[in-house]
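Below is one structure, written out as structure tokens; comments come after it.
All heavy atoms count here, side chains included; hydrogens, waters and symmetry mates do not.
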Amino acid sequence: QVQLVESGGGLVQAGGSLRLSCAASGRTFTTYTMAWFRQAPGKEREFVATISWSGRSIYYGDAVKGRFTISRVNAKNTVYLQMNSLKPEDTALYYCAARYLGADGFYYTERAQYQYWGQGTQVTVSS
């Protein structure tokens with residue numbers, strides 16, 4: 001079992017940047033593939049980015065490619081999402097997710113592939 005706590009959300013103007021953090025506790029962090037998803041009001045939860053346990057395999061959703069960067073520091077049990085060039089359409093509740101095990105070279109982009117979820121952190125981008 002792992003517990004996830006997100007932080008770093010807030011209100012930012014279009015074109016600005018934010019960095020989200022997700023702190024994990026519980027089972028060994030390196031046994032988890034980590035990801036970020038987001039959900040805007042009235043919309044389905046959307047895949048944003050994923051990173052393997054080693055950090056060698058990274059994959060992004062089309063909507064954020066070239067603007068967002070996912071990373072992890074295993075020694076700190078933390079995964080990050082650096083968000084640059086933010087747009088109003090990035091406004092959403094951002095969730096951190098963990099998948100127990102998972103291999104380098106495989107990309108897990110479906111909500112059902114993750115067993116553990118945080119409570120979310122709100123990101124609002126004003127125009």
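A distance of 11.5 Å separates CD of Q3 from CG of N77, quoted to the nearest 0.5 Å. The structure places CG of N84 at 6.5 Å from OG1 of T69, a figure rounded to the nearest 0.5 Å. Between the CZ atom of R67 and the NZ atom of K87 there is a distance of 4.5 Å, given to the nearest 0.5 Å. To the nearest 0.5 Å, the span separating CD on Q13 from OG on S127 amounts to 9.5 Å. For the atom pair R72 CZ and T33 OG1, the distance stands at 7.0 Å (nearest 0.5 Å). Rounding to the nearest 0.5 Å gives a distance of 11.5 Å between CE of M34 and CG of L81.
A donor-acceptor pair under 3.5 Å links the side-chain atoms of S57 to the main chain of G105, judged by distance alone. The backbone N or O of T121 sits nowhere less than 3.5 Å from a side-chain atom of E6 that would complete a donor-acceptor pair.
Two different hydrophobic clusters hold Y80 and L18 under the rule that ILVMFWY side chains link at heavy-atom gaps under 4.5 Å. V12 and L93 sit in two unconnected hydrophobic clusters of ILVMFWY residues. Membership requires side-chain heavy atoms under 4.5 Å apart, directly or through other members. Under the 4.5 Å side-chain heavy-atom criterion for grouping Ile, Leu, Val, Met, Phe, Trp and Tyr, F37 is not connected to L20 through any hydrophobic cluster.
A cation-pi contact, defined as under 6.0 Å to the ring centre and within 45° of the axis, links R45 to Y95.
T91 is not listed as a side-chain neighbour of R38, based on a closest heavy-atom distance of 4.5 Å or more. Side-chain contact between D90 and M83: absent, with no pair of heavy atoms (C-beta onward) separated by less than 4.5 Å. In this structure, the side chains of Q115 and R99 come closer than 4.5 Å at one or more pairs of heavy atoms.
When every heavy atom of A40 is checked against every heavy atom of A92, the shortest pair comes out as N-CB, 3.9 Å.
Aromatic ring orientation, F68 versus Y94: tilted (interplanar angle from 30° to 60°).
For the ring-ring contact (aromatic ring centres under 6.0 Å, His included) criterion with Y100, the lone passing option out of Y32, F29, Y108 is Y32. Considering W36, Y114, Y60 in turn, Y114 is the only one that fulfils the side-chain hydrogen bond (donor to acceptor under 3.5 Å, both in side chains) rule with T50.
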Could you walk me through whether L4 and Q119 pass side-chain contact (heavy atoms from CB on, under 4.5 Å), step by step?
-> CA-CA 8 Å; L4 305 172; Q119 293 299 305; over 6 Å; no
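Using a 3.5 Å distance cut-off with no hydrogens or angles, the side chains of D104 and S52 do pair a donor with an acceptor.
Under a cut-off of 6.0 angstrom, the local environment of NZ in K43 is sparse, with at most 12 non-hydrogen atoms contributed by other residues, nucleotides or ligands.
Residues satisfying the ring-ring contact (aromatic ring centres under 6.0 Å, His included) criterion with Y107, sequence neighbours excluded, are Y59.
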